[in-house]
Participant: 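Structure incoming, see below.
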2 protein chains.
Amino acid sequence: MVTIKDIAKIAGVSPSTVSRVVSNHPRISHETSRKVKAIMEQEGYHPNIMAKSLVSKTTQTLGILLPRPAEELFQNDFFGELLRGIVTQATSAGYDTLITTVTKDTDELMAISRLVRGQRVDGILLLSSRTSDPVIGFLQENEFPFVLIGRSDDYQDVLSIDNNNVQAAQDATNHLISQGHTRIGFINGPTNLVVSQDRLAGYHKALCEANIVARPEWAIAVDMMQQSGFRAISGYMSMPDRPSALVVFDDAIAFGVLRGLTELGYSVPEDISLVSFNNIPLSGVASTPISSVDIGIYHLGYTASQFLLRSAQGKPLPEDQIIIPHRLIVRKSSINQISSE
Amino acid sequence: MVTIKDIAKIAGVSPSTVSRVVSNHPRISHETSRKVKAIMEQEGYHPNIMAKSLVSKTTQTLGILLPRPAEELFQNDFFGELLRGIVTQATSAGYDTLITTVTKDTDELMAISRLVRGQRVDGILLLSSRTSDPVIGFLQENEFPFVLIGRSDDYQDVLSIDNNNVQAAQDATNHLISQGHTRIGFINGPTNLVVSQDRLAGYHKALCEANIVARPEWAIAVDMMQQSGFRAISGYMSMPDRPSALVVFDDAIAFGVLRGLTELGYSVPEDISLVSFNNIPLSGVASTPISSVDIGIYHLGYTASQFLLRSAQGKPLPEDQIIIPHRLIVRKSSINQISSE
DNA sequence: GAACAGCGTGCATACGTTTGCACCTGACTG
DNA sequence: CAGTCAGGTGCAAACGTATGCACGCTGTTC
């Protein structure tokens, strides 16, 4: 492999000069620069990044700790889109993106520790938004740049990029209310996720502000598999007194719900209206197109990446929390004027 | 940051000894090893990976060149699942995974060149399966370890991990034939992808073997957006003489087709049967569950990663092409005994 | 009792860069 | 004409680790 010394020898200059040419040092003569650059091109020279990192103490790399394979994020489009946002921004800033994953919860700290202590990355992007995350504590102690996608109540002064999920759920619920519904249920995601808690809170807030009394038995939690949406809906429909509309945590679950309803002979939105979250591409081509809150997943990743880079470069971070705007996309599943009771 | 020298000083030994402890050198006394390990633990020492790489000429990292953001793979579940397979295998072997992407085609070579020449990764995983890919040529010239997910006809001696897409399409088509269909159409993906060509070939082969004459106007190509499936189907249905069954390139497109059919007042599988590919989780909960060929995406990524690691470690590669088995999952969209004509 | 084997450790060098400092040259100043 | 200055370049040290070689020590063998 051709090194800086080889180039220097061919060009008849010292390695330092070549190095300065590479970094566009101001005090290199135009002619030398031109000559060296030509030789680099001709020899196909690229600086060895390891050597560079060793002295510069910087890796030009961002780390991402993936949620465990078993976890939900991998199950649907969310992750791919998020990653696209992250990588696009990082790449445009000349950074690479490093991915690690773990199989057991207990390995998480080890994996992070390896990245941080081994100085393999300049900053870390955390995807999990569990209520309590030891990784956050570790990163804070070591004053290592990191950004959280999501939110954590248990730690202070953490830069996190998130949607206003309370507001988003409130918007979704209010939309149903504005369509004349008063009997509104909620199918939530895993309750240990902050986002689930936020959306549930938004749902309750909307009901409260509309002076609708929440019915506890109408708010349930399922895991992220669309099968569970399928199962959940039959529970609802067998209730003697059932809701006329549902807010659903996630499009994948909503698909299951929709399918269950069809199978049971109900139709959407006539018998029951639906609004869900994430607005994955397929939402629009479901048998009944599903109204969904677009939470700007790409934007989320892009922004997180952007702020992490700033932080990694030692620049001050503007705020403690960045909110990515959401937008309710109304489709057929919730367009319905039911008779007011 | 604590280095090997610090540990050495505290333990009262030389850095070499510490280094040997870390790598479990046989000629280190048990007691020294124990003592040094205790100190490493206590000081939170992790070897600097950059320095390590510099001397060992190895990075313990795999590179992935993402398809361009605009490209299809990002659009659906395929990519997330593939990545999960790749990263899981790599991580279990102690490797990290580095992701880069480019915005323009012309940047691809630059990006790859940076990784290879800069010795940033030990091997590269190529996701694109375009018929002609300059990146493959570059990697071959430089004798750099790489594995192709997909297939390329233009280069010899490339280790590629792929499905038998010809067979898969043949199976899908045969399934429709076995259901009594003789009027079978094909909605293909982008024609510059090898996989599209293979599936089209399999479709033709099945027809041919069943002595069914292929109708050129029944085989069309669309891009990967599900909207295009939506549009395509109206073209079919306005034909005076239309197929009774369709093989569709991808689940996302199939969703669009399904939706189009419903909108036009047709039902599946009664008016028209469908079989598609990829078997994404949502296929099973479509309004009519879609029959789909499961191509083992996770398995594809996992295996590719596995062979790339072998190659990166200088081990010989067993074969030129590894085939990941596929499996047709029959669902309602294709279960239909139509009257034989 | 000398020679030798084997174990455990340290010294020195190398990996490919960056960068502070010093040096040289020529031009310009007073 | 000596002195200053700025531009252009090279020297050498440093980053943190791995490893071939040499060295000292202990115990064994003839």
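So you know, we letter chains A, B, ... as the sequences are listed, proteins then strands, and number each from 1.
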Participant: Measure CE/M1(A) against P/dA14(C) and give the value in whole Å, please.
Facilitator: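 My rounded result for the distance is 21 Å.
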
Participant: In whole angstroms, how far is the P atom of dT9(D) from the CZ atom of R34(A)?
Facilitator: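 Interatomic distance, CZ of R34(A) to P of dT9(D): 12 Å.
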
Participant: Does a side-chain N or O of S53(A) approach OP1 or OP2 of dT17(C) to a distance below 4.0 Å, or not?
Facilitator: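 So the side-chain polar atoms of S53(A) never come under 4.0 Å of the phosphate oxygens OP1 or OP2 of dT17(C).
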
Participant: Are D96(A) and R114(B) close enough for a salt bridge, meaning some N to O gap below 4.0 Å?
Facilitator: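 R114(B) and D96(A): salt-bridged.
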
Participant: Taking the side chain as C-beta and beyond, is there a heavy-atom pair between Y155(A) and Q140(A) under 4.5 Å?
Facilitator: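 In contact.
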
Participant: Would you kindly give the NE2-to-P distance between H25(A) and dC21(C), to the nearest whole Å?
Facilitator: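 Checked: the NE2 to P distance equals 13 Å.
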
Participant: According to a strict under-4.0 Å criterion, is T17(A) in side-chain N/O contact with OP1 or OP2 of dG8(D)?
Facilitator: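 So the side chain of T17(A) is outside the cut-off, no N or O lying under 4.0 Å from OP1 or OP2 of dG8(D).
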
Participant: Rounded to the nearest 0.5 Å, what separation is found between the CD1 atom of I4(A) and the OG atom of S14(A)?
Facilitator: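 So the gap between those two atoms works out to 8.5 Å.
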
Participant: Check the phosphate of dG10(D) against S14(A), side-chain N and O only, distance under 4.0 Å to OP1 or OP2. Yes or no?
Facilitator: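 For dG10(D), OP1/OP2 do have a side-chain N/O of S14(A) under 4.0 Å.
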
Participant: What is the distance, to the nearest angstrom, from the CD1 atom on I4(B) to the P atom on dT19(D)?
Facilitator: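 Distance check: I4(B) CD1 to dT19(D) P gives 11 Å.
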
Participant: In whole Å, what is the span from the CZ atom of R27(A) to the P atom of dT19(C)?
Facilitator: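 R27(A) atom CZ is separated from dT19(C) atom P by 15 Å.
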
Participant: What is the distance, to the nearest angstrom, from the CG atom on N48(B) to the P atom on dG16(C)?
Facilitator: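 Distance check: N48(B) CG to dG16(C) P gives 17 Å.
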
Participant: Verify whether one side chain among S29(B) and T32(B) offers a donor that lies under 3.5 Å from an acceptor in the other.
Facilitator: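 Side chains of S29(B) and T32(B): pair found under 3.5 Å.
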
Participant: Does dA14(D) have OP1 or OP2 under 4.0 Å away from a side-chain N or O of K57(A)?
Facilitator: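 The answer is no; no side-chain N or O of K57(A) sits under 4.0 Å from OP1 or OP2.
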
Participant: Within a radius of less than 6.0 Å around CE of M1(A), do more than 12 heavy atoms belonging to other residues, nucleotides or ligands occur?
Facilitator: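 Atom CE in M1(A) is packed in, count exceeds 12.
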
Participant: Less than 4.0 angstrom between a side-chain N/O of K52(B) and OP1 or OP2 of dC15(C), yes or no?
Facilitator: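 So the side-chain polar atoms of K52(B) never come under 4.0 Å of the phosphate oxygens OP1 or OP2 of dC15(C).
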
Participant: For V13(B), which contact category applies under a 4.0 Å heavy-atom criterion: base, sugar-phosphate, or nothing?
Facilitator: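 V13(B): backbone/sugar contact only, no base atoms under 4.0 Å.
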
Participant: Applying a 4.0 Å non-hydrogen cut-off, can you work out what S19(B) is touching in the nucleic acid: base, sugar-phosphate, or nothing?
Facilitator: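 The answer is base, as S19(B) lies within the cut-off (heavy atoms under 4.0 Å) of a base atom.
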
Participant: Could you state the CD1-C1' distance from I28(B) to dT9(C), rounded to the nearest angstrom?
Facilitator: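 I28(B) atom CD1 is separated from dT9(C) atom C1' by 7 Å.
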
Participant: Round to a whole Å and report the spacing from CE of M50(A) to C1' of dT17(D).
Facilitator: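 Computing the M50(A):CE to dT17(D):C1' distance gives 14 Å.
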
Participant: Both R20(A) and S16(B) contact DNA chain C. Which one's nearest nucleotide lies toward the 5' end?
Facilitator: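 It is S16(B), whose closest nucleotide lies nearer the 5' terminus.
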
Participant: Check every atom of dA18(D), dC15(D), dA22(C) against the side chain of V55(A) and return the nucleotide holding the closest atom.
Facilitator: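 From the listed options, dC15(D) comes nearest.
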
Participant: Using OP1 and OP2 only, check whether a side-chain N or O of T32(B) sits under 4.0 Å from dG8(C).
Facilitator: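 No, no such contact exists.
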
Participant: Hey, which of these two, P15(A) or S33(B), hits DNA chain C nearer its 5' end, going by closest nucleotide?
Facilitator: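 It is S33(B) whose nearest nucleotide is closer to the 5' end.
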
